[in-house]
Number of protein chains: 2
Amino acid sequence: MQRGATLKDVAKLAGVSVATVSRVINGHANVSAETRASVERAILKLNYSPNTIARSLVTGRTGVISLIIVQEDPIVPTTWFYELPIVQSIYDYLKGQDWELQIAMCSYREFQEPAFLPRHFNKRTVDGVLILSAWMVERHIVSELKERNIPHVIIGAHDPDYESLCIEYDNEGAIRSLVEHLWNSGHQIFGLIGGAPNQLHMHGRIQGFASALEEFGLPTWNRLTKYGDWSIESGYELMQEFLAREPNPTAVVCGNDYIAVGAMRAITEQGLRIPEDIAVVGFDDTVVSQIISPTLTTVRLPLAQAGRLAAERLVRELDKPSPDNRRVVLPCEIVIRDSSKSS
Amino acid sequence: MQRGATLKDVAKLAGVSVATVSRVINGHANVSAETRASVERAILKLNYSPNTIARSLVTGRTGVISLIIVQEDPIVPTTWFYELPIVQSIYDYLKGQDWELQIAMCSYREFQEPAFLPRHFNKRTVDGVLILSAWMVERHIVSELKERNIPHVIIGAHDPDYESLCIEYDNEGAIRSLVEHLWNSGHQIFGLIGGAPNQLHMHGRIQGFASALEEFGLPTWNRLTKYGDWSIESGYELMQEFLAREPNPTAVVCGNDYIAVGAMRAITEQGLRIPEDIAVVGFDDTVVSQIISPTLTTVRLPLAQAGRLAAERLVRELDKPSPDNRRVVLPCEIVIRDSSKSS
DNA sequence: TTGTATGCGTTATCAC
DNA sequence: GTGATAACGCATACAA
């Protein structure tokens with residue numbers, strides 16, 4: 001990297017001291033209009049721009065926010081559709097606020113290790129951190145962040161005691177809407193095919209499913225609630241198990257769109273029709289929901305909104321730490337398509 | 001951020017000078033075993049770790065690499081499946097080499113603006129840059145990078161004069177393999193439905209298509225080569241145009257999987273069968289290629305390999321600038337599925 | 001309103 | 001081998 005002009009160069013050219021130049025740059029009040037003008041002229045002439053590193057050394061702030069993306073282990077490529085919109089919206093906001101974004105990716109396992117945070121923060125190269133995780137953020141992690149006095153916001157999850165700022169989705173509400181929609185079409189026997197239940201998304205959906213059934217006075221069938229992973233294969237196999245015995249469900253709520261695709265495959269292979277014999281709904285509104293036939297009813301998560309909000313709150317916290325309401329739960333939108341339409 | 005122990009603290013505790021501590025930390029030779037041991041003890045005791053910012057100020061290196069993701073304007077979410085595997089592999093490599101990754105996203109238009117690079121690099125907060133773009137990286141950008149002496153690697157594109165290090169995919173070879181595969185099944189009349197032809201991916205595929213037809217002694221039909229955007233709708237409409245007049249193609253090569261999905265829809269709506277009447281192939285091996293029926297023959301790009309290689313070369317260049325062979329073209333793999341199988 | 005001087009935590013260049 | 005000490009480029013307390 002070439003070395004550019006420094007404060008000293010500007011000071012010399014403008015015929016003032018470095019302190020004055022510094023004041024101009026940082027917009028301090030006590031500078032006469034004339035000197036300000038001449039300094040600004042010098043800055044322009046030398047094409048000067050402040051050295052961020054030097055500034056950081058003295059202020060103790062870097063102007064960098066870190067985003068830690070916590071992933072399944074091994075990594076499942078189909079989760080990427082979820083992460084990038086969030087990254088995008090975070091970046092868009094940060095760009096406008098003149099913060100830089102640094103990213104780190106790790107598995108859920110790595111993130112838990114005691115050595116992880118030290119390794120990440122010992123460099124003292126970031127001011128705050130956004131944690132994008134689908135799992136509970138353990139207590140020891142939050143403590144360490146507090147101890148180090150590192151502002152942080154959790155996206156899509158929370159810590160056990162709700163001490164950290166966090167942005168979550170209203171999974172309960174979403175699944176309640178789905179059940180209501182299906183109930184309105186006359187469905188009575190509901191199945192649930194979930195992904196990994198240790199992920200908080202799934203946790204909320206399981207809760208919501210149970211309470212929605214109760215709300216609408218519907219029975220719960222234990223054998224019609226199963227968990228696999230988030231894959232097409234998983235959905236296929238678990239749906240087959242549903243179909244192997246009576247009673248068959250008339251409506252199946254799936255943990256994501258891929259599970260739903262697998263379930264639909266199992267259903268049609270049995271010669272049953274969707275939605276006439278069995279209705280299927282998914283989660284996440286991925287492209288596949290529009291491509292599969294029949295098109296899939298699903299739930300759209302407010303990803304961009306979550307990312308932006310998280311970035312906003314972190315920046316606010318960095319500007320001036322304040323007691324904030326800790327938790328935000330964003331509403332989701334259900335997208336009704338053919339796989340659940342009553343004739 | 002709390003302030004931790006400094007060199008001075010360690011020096012005092014170990015009863016040596018800061019210079020000696022610095023030598024120990026940086027693994028210099030001229031330190032006696034005993035002093036080294038005692039310094040290391042002090043470091044452990046104080047839980048000391050070097051301040052990266054201070055170090056950067058004197059060395060002039062930040063240990064940070066920037067990744068600029070250049071996108072369509074407006075952003076098309078379906079391109080994300082392409083970018084994240086690359087980001088992932090870049091990060092994985094960098095993590096092992098103790099480099100940090102900072103990211104920036106911008107539209108093709110923004111990237112071209114003269115103000116973009118200055119704004120990005122004036123902070124002097126990164127040592128090198130990876131450019132992930134689907135478009136030609138203009139001459140003025142490369143010049144500016146050279147002038148500022150910023151090592152860089154381009155992923156998925158190149159500059160007009162091939163002056164920069166770049167990693168590309170063998171689009172020509174891939175499309176040649178596709179044509180060969182279809183030709184072996186007896187196809188004679190080929191159509192091409194492309195995405196935006198100003199993107200270099202498409203450029204290479206167009207070239208490859210033309211030369212492959214020639215190689216196999218096949219005629220070129222101008223009206224059977226069309227470009228839209230990369231969407232399902234685009235594929236659908238352009239395929240309808242193909243089917244509106246004779247001769248109909250018997251094989252259609254699509255610029256990506258989404259275009260192919262649209263094309264398939266148009267074909268089946270006309271009552272034609274895939275692959276019996278018309279074979280369809282796509283590009284990118286996205287999930288939809290496995291979900292659509294019939295499953296879609298497509299091309300798998302070596303994304304992870306590209307990302308890793310780019311990071312590797314940039315790091316090497318940063319360690320010691322060297323005349324490197326400038327361009328790497330990675331082979332692609334064609335994935336044959338039902339949409340092109342000869343009965 | 002402006003200038004001087006000090007410190008931020010390192011690395012590197014000298015001496016010794 | 002080791003220790004002073006001068007940079008690195010900036011912000012700021014204090015003096016003027």
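We name chains A, B, ... by the order of the sequence lines, and we start the count at 1 in each one.
Atom NZ of A/Lys8 and atom P of D/dA11 are 15 Å apart (whole Å). If you measure from atom CZ of B/Arg124 to atom C1' of D/dC8, you get 12 Å, rounded to the nearest angstrom. The distance between atom CG of A/Leu7 and atom C1' of D/dA11, rounded to the nearest whole Å, is 9 Å. Whole-Å rounding puts the A/Asn51 CG to D/dG9 C1' distance at 6 Å. A/Leu57 has its CG atom 4 Å from the C1' atom of C/dC8, to the nearest Å. Counting to the nearest Å, the C1' atom of D/dG9 and the CZ atom of A/Arg55 are 11 Å from each other. Between A/Lys123 atom NZ and C/dT10 atom P the separation is 14 Å, expressed in whole Å. Atom C1' of nucleotide D/dA11 and atom CD1 of B/Ile53 are separated by 15 Å, given to the nearest angstrom.
Partners of A/Asp159 according to the side-chain contact (heavy atoms from CB on, under 4.5 Å) rule, which considers only residues two or more places apart in sequence or in another chain, are A/Val142, A/Ile154, A/Asp161, A/Glu163, A/Ser164. For B/Tyr169, the side-chain hydrogen bond (donor to acceptor under 3.5 Å, both in side chains) partners are B/Tyr82, not counting sequence neighbours. Contacts of B/Lys12 classified as side-chain contact (heavy atoms from CB on, under 4.5 Å), with partners at least two apart in sequence or in another chain: none. By the side-chain hydrogen bond (donor to acceptor under 3.5 Å, both in side chains) test, A/Arg61 pairs with no residue at all, sequence neighbours left out. For B/Gln102, the side-chain hydrogen bond (donor to acceptor under 3.5 Å, both in side chains) partners at least two apart in sequence or on another chain are A/Glu100. Every residue two or more places apart in sequence or in another chain that forms a ring-ring contact (aromatic ring centres under 6.0 Å, His included) with A/Trp135 is listed here: A/Tyr108. Scored by the ring-ring contact (aromatic ring centres under 6.0 Å, His included) test, B/Phe116 finds B/Phe111, B/His120 as partners (sequence neighbours excluded).
With A/Asn122 contributing its side chain and A/Arg119 its backbone, the two residues share no donor-acceptor pair below 3.5 Å.
If one axis is set at each end of the helix from C/dT1-D/dA16 to C/dC16-D/dG1 from five pairs, those axes are 40° apart, to 10°.
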Under 3.5 Å between N/O atoms: give me all the protein pairs with nucleotides 3-7 of chain D, atom names plus distance.
residue: D/dG3; atom: OP2; partner: B/Ser17; partner atom: N; Å: 3.1
residue: D/dG3; atom: OP2; partner: B/Ser17; partner atom: OG; Å: 3.3
residue: D/dG3; atom: OP2; partner: B/Thr20; partner atom: OG1; Å: 2.6
residue: D/dG3; atom: N7; partner: B/Arg23; partner atom: NH2; Å: 3.3
residue: D/dG3; atom: O6; partner: B/Arg23; partner atom: NH2; Å: 2.5

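Between A/Val24 and A/Val10 the shortest side-chain heavy-atom distance does not fall below 4.5 Å.
Shown for residues 25-37 of chain A: residues whose heavy atoms fall under 4.0 angstrom of DNA chain C, namely A/Asn30, A/Val31, A/Ser32, A/Thr35.
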Pairs under 3.5 angstrom only: tabulate donor-acceptor contacts from the side chains of residues 36-44 of chain A to other protein residues two or more places apart or in another chain.
residue: A/Arg36; atom: NH2; partner: A/His28; partner atom: O; Å: 2.9
residue: A/Ser38; atom: OG; partner: A/Thr35; partner atom: O; Å: 3.4

Show me the donor-acceptor pairs, under 3.5 Å and distance only, between side chains in residues 70-77 of chain B and residues at least two apart or in other chains.
residue: B/Gln71; atom: NE2; partner: A/Gln88; partner atom: OE1; Å: 3.1

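If you check every strand for non-hydrogen atoms under 4.0 Å, A/Ser22 touches a base.
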